[in-house]
Amino acid sequence: MIYKEFYNQSIQSPEAFWEDQANQIEWYSKPSIILSKDENNYPLWFKDGELNICYLTLDKHIQDGYGDNIAIIYDSPVTQTIKKYTFNDVKTEVAKLAGGMISLGFKKGDTAVIYMPMIPQAAFAILACARIGVTHSVVFGGFAPHELAVRIDDCKPKGIITASSGIEVDRLIAYKPLVDEAIELSSHKPKKVIVFNRKLGARVPFKKYDVDYDALVYGSEETPCVPVNATHPLYVLYTSGTTGKPKGIVRDTGGYATALKFSMQYIYGAKPDEVFWAASDVGWVVGHSFIIYGPLINRNATIIFEGKPIKTPDASTFWRIIAEHKVKVMFTAPTAIRAIKKEDPNGAFIKQYDLSCLRTQFLAGERCDVATLEWYNEHIPVPAIDHWWQTESGWPMIANMMGVEFLPVKPGSAGKAVAGYDIRIFGENGQELGPNQEGYVVIKLPLPPGTMLDLWGDTERFKMGYLNKFPGYYFSGDGGFKDDEDYIFITGRVDDVINVAGHRLSTAEMEEIVSSHHSVAECAVIGINDDLKGQIPLALVVNKSGESIQHFQLEQEIVKLVRQQIGAVASLRDVVIVDHLPKTRSGKILRKLMRSIADGENFQTPSTIDDEKIIDEIRDVLKKYEIGVYNKKKN
Ligand code: COA
Ligand code: AMP
């Protein structure tokens, strides 16, 4: 198949194109209306179709005679466990858990929060919710109770599904006390907390709302799939925006199922029964789309990996897993490859494993730098494919569509627009820019099926953030350019969102927390370049006059505060105290200027700056603390 023809069909006749794709999945009632619009003129796909996505991931394969095939491989170097589950096994567990949830009062239209480490029970919980039409909201385990509480208050779950503990490298993290603390902090009080006790030695405090996961599953009957409308919210997944309040991305069911089946086949080129591995976390969109739903809909075995690319136990883990489970298609973030490269620069571990099973390596979550791509290509002889997407899109928007036509890779580019996405580059005033001109990356409406439906409980913010800036187009929040062959290069966020080790974080949220410290007069948090994590946050803080707190103490307290409020995943380690922040005469903090100083980039001092001397002060402080480009270890 030729990419260009395939792509053109999707843009010229979207309804016919996606109707064909919708026919690739099974519906209880096939949609007769393929594309319509909601009251905001936003596309709705397959409006009158009825289906159940849990049915597509499990029951359908069993009915088709594949019940004994492997669905989930749990590989946990941190507990030294490998366990395989067939589609039959998973369906039995999920259907019983769903039955148990019904007995606890959960029903279609309710929401449930899932806060779990990377264990099979996380997948069972997700699928059990989908089975009975409960909208799930998975919260990444690295987030602290405060973040969990914010999400509980926003999506008001009937209950929470959690586990006693998780393991971070060699550290036991007791999840249950974090959930209890979040419930104390939140105004909304979930009625039930279903706890999977891993019996790893972590204390599991008992509360009146607790229900033991094993007892619930054991004591419940299997329950069938509940048909839902195509636009039924399958999940709410919170992601960072430009304010302190996270945004609840709402995903539909029918469009998403269609798009995931399409992605597995045409983007990842995965054939049923092959082993597909996305080394991410169920707390992120990659986990939803390509650890759980996508591979299972496509009847692939998916790997639930509880570990890290390094230190669990070393930089050989990825290669061991690929060889041992015969992984055909893999997906990870470039930061993971950088971490491995740092530990094993000559690829000595790679040589110890037979990786001949691997066909394609996909990379996403952040821009793939050329050095990482080259290192990968030097050591592993399979295509390494960068591809670009977001929590909002739910599936890739720019990629090399490996199931359509393998196009030459241009290092630094995420590839070409995926079928269904009419991607343009706009200038500030909404004018379309020509080849090689950098601007805003926007997508002409209608977006294809499976992308975000709305923001949970906040349609105004949805319109403001994504639709109003360029009417008729979806605004991605990323900058980039297209070359004269339509390859797209993403240059980074144009807002206050930063990307730390593939994790999306909001500097605005960190600023709110830093400012809440009683000794802070004002502050700015910016993302600066980091060799390993891509970006890391740096907080520049102005002390309140008259405060006698030692700089060292203030720095430590701020680091601790952010860790307590957001979680360790925020990775804020660099805090510097300055006398002033550079501002325009009208009082706007010049964050981009500070980023350029820290990254050692050329910049022009803006004519509107209030006091030019402050630039030298910032540079001196960064030099003194050896931060950013002044980090001697880096150079
Ligand atoms: N539960 C509790 N804590 C967690 C956590 C979780 N699920 N995930 C991360 N953390 C903690 C870590 O323990 C670490 O704590 P520390 O500061 O006390 O050491 C902190 O959050 C930062 O974690 P992380 O960002 O993972 O950094 P790291 O230095 O431990 O590891 C990498 C660096 C590059 C190996 C790791 O970030 C990685 O594998 N990244 C790939 C990310 C990815 O796949 N993203 C998904 C997008 S596709
Ligand atoms: P998330 O919503 O957490 O998946 O983060 C999405 C953001 O990560 C995007 O808006 C981009 O800024 C960035 N991103 C993801 N994949 C890529 C990529 N392949 N190249 C460049 N940036 C990427």
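All ligand and atom numbering here is 1-based and tracks the order in the structure.
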| said: Suppose we call two aromatic rings close when their centres sit under 6.0 Å apart. Are F290 and W389 close by that rule? | reply: yes
| said: Once you restrict to heavy atoms under 4.0 Å, what part of H503 touches ligand 2? Side chain, backbone, both or neither. | reply: neither
| said: As an exercise, state the distance from CG of L455 to OG1 of T239, rounded to the nearest 0.5 Å. | reply: 10.0 Å
Going by atom type alone, with no hydrogens or angles, which donor-acceptor pairs under 3.5 Å involve a side-chain atom of residues 276-288 and a protein atom two or more places apart or on another chain?
residue, atom, partner, partner atom, Å
D281, OD1, G283, N, 2.7
H288, ND1, V282, O, 3.2
H288, ND1, W284, O, 3.0

| task | Using the ring of Y3 (Phe, Tyr or Trp, six-membered ring only), decide whether K416 places NZ or CZ under 6.0 Å from its centre and within 45 degrees of its axis. | result | no
| query | For residues S289 and Y256, is any side-chain donor paired with an opposing acceptor at under 3.5 Å? | reply | yes
| said: Closer than 4.0 Å to some heavy atom of T391 - which atoms of ligand 2 meet that? | reply: 1 (P), 2 (O), 3 (O), 4 (O)
| query | Heavy-atom contacts under 4.0 Å between W284 and ligand 2: side chain, backbone, both, or neither? | reply | neither
| remark: Partner of Y421 under ring pair (Phe, Tyr, Trp, His ring centres under 6.0 Å), picked from W388, Y7, Y474, W395, is W395
| Part of I398 with heavy atoms under 4.0 Å of ligand 2, whether side chain, backbone, both or neither | neither
| field | Which of the ligand 2 atoms, numbered from 1, are nearer than 4.0 Å to a heavy atom of N499 | value | 8 (O), 13 (C)
| field | Centroid separation Y268 to H387 less than 6.0 Å | value | yes
| Distance under 6.0 Å and angle within 45° of the ring axis: does R151 meet both against Y115? | no
| said: Assess the residue pair D422 and R424 against the criterion (salt bridge (Lys or Arg N to Asp or Glu O under 4.0 Å)); give the C-alpha distance rounded to whole Å, side-chain angles, the decisive distance to 0.1 Å, and a yes or no. | reply: CA-CA 7 Å; D422 185 352; R424 316 277 179 102; 2.9 Å; yes
| said: Does any N or O of ligand 2 fall below 3.5 Å from an N or O anywhere on E392, backbone included? | reply: no
| G365-ligand 2 polar pair, N/O distance under 3.5 Å | yes
| query | How does Q390 reach ligand 2, if at all, at less than 4.0 Å between non-hydrogen atoms: by side chain, backbone, both, or neither? | reply | both
| said: Would you compute the distance between atom CD1 of I513 and atom CE of M510 and round it to the nearest 0.5 angstrom? | reply: 8.0 Å
| Gap separating the CD atom of Q535 from the CD1 atom of I498, nearest 0.5 angstrom | 5.5 Å
| query | When you measure from atom 22 (N) of ligand 2 to every protein heavy atom, which one gives the shortest distance, and what is it? | reply | R367 N, 3.5 Å
| query | Can you tell me the protein heavy atom closest to atom 11 (C) of ligand 2 and the distance? | reply | D478 OD2, 2.8 Å
| field | Closest approach of any protein heavy atom to atom 18 (C) of ligand 2, naming residue and atom | value | E366 O, 3.2 Å
Nitrogen or oxygen contacts under 3.5 Å, ligand 1 side and protein side:
residue, atom, partner, partner atom, Å
ligand 1, 1 (N), G141, O, 3.3
ligand 1, 10 (N), E168, OE1, 3.3
ligand 1, 13 (O), E168, OE1, 2.6
ligand 1, 13 (O), R171, NH2, 2.7
ligand 1, 15 (O), R171, NH2, 3.3
ligand 1, 17 (O), R563, NH1, 3.1
ligand 1, 17 (O), R573, NH2, 2.7
ligand 1, 18 (O), R171, NH2, 3.3
ligand 1, 18 (O), R563, NH1, 3.4
ligand 1, 18 (O), R563, NH2, 2.6
ligand 1, 21 (O), V569, N, 3.3
ligand 1, 25 (O), H503, NE2, 3.3
ligand 1, 26 (O), K308, NZ, 2.6
ligand 1, 27 (O), K533, NZ, 3.0
ligand 1, 29 (O), K533, NZ, 3.3
ligand 1, 30 (O), K308, NZ, 3.1
ligand 1, 44 (O), A279, O, 3.4

| task | Give the numbers and elements of all ligand 2 atoms closer than 4.0 Å to a heavy atom of I490. | result | 21 (C), 22 (N)
| Got a second to check how far T162's OG1 is from I194's CD1, nearest 0.5 Å? | 10.5 Å
| Aromatic centroids of F489 and F481 separated by under 6.0 Å | yes
| To which of W389, F489, W388 does the heavy atom nearest atom 6 (C) of ligand 2 belong? | W389
| message | Considering non-hydrogen atoms of the protein only, which is the closest contact for atom 3 (O) of ligand 2, and what is the distance? | response | R504 CB, 3.3 Å
